S.K.: 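If you scroll down you'll find the structure; I have some questions about it.
Quick caveat, the model's predicted, so the values are computed rather than measured.
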Amino acid sequence: MICTWEGCTDRGYHLRLDKQGRPWATLCESHNNMFQAAVDTQNIKKVLSYYVHAVGGSKKAMERF
């Protein structure tokens with residue numbers, strides 16, 4: 001599987017799940033680390049921005065809602 005981060009072509013290893021256990025992204029090592037660091041530091045601006053990138057961009061994020 002390819003990393004779902006917008007514009008990334010690396011292999012995705014880290015499956016991200018929502019609270020219901022449904023996958024919403026599969027991230028490569030570097031993007032997973034970036035996203036997790038934002039979550040760990042509770043940097044909401046970065047978490048929201050990275051979420052949009054992680055699902056594949058703004059259009060794909062809108063489709064999820």
S.K.: Which residue, W24, Y51, Y50, forms the ring-ring contact (aromatic ring centres under 6.0 Å, His included) with F35?
M.R.: W24

S.K.: Determine the minimum heavy-atom distance between C28 and C3, stating which atoms define it.
M.R.: N-SG, 3.3 Å

S.K.: Distance-only, no hydrogens or angles: does the T41 side chain make a donor-acceptor pair with backbone N or O of A37 under 3.5 Å?
M.R.: yes

S.K.: List the atom of L15, the atom of P23, and the distance in Å for their closest heavy-atom pair.
M.R.: CD1-CB, 3.5 Å

S.K.: Rounded to the nearest 0.5 Å, how far does CD1 of I2 lie from CZ of R11?
M.R.: 7.5 Å

S.K.: Please enumerate all residues that pass side chain to side chain contact (heavy atoms under 4.5 Å, CB included) together with E63, with sequence neighbours excluded.
M.R.: K60

S.K.: Hey, can you tell me if H53 and W5 have their rings parallel, tilted or perpendicular (30° and 60° cut-offs)?
M.R.: parallel

S.K.: Would you say that E6 contacts V52 through its side chain, given a criterion of any heavy-atom pair below 4.5 Å between the two side chains?
M.R.: no

S.K.: Nearest 0.5 angstrom please: L48 CG to K46 NZ, how far?
M.R.: 13.0 Å

S.K.: Check for a donor-acceptor pair, side chain of T26 on one end and backbone N or O of T4 on the other, with a separation under 3.5 Å.
M.R.: no

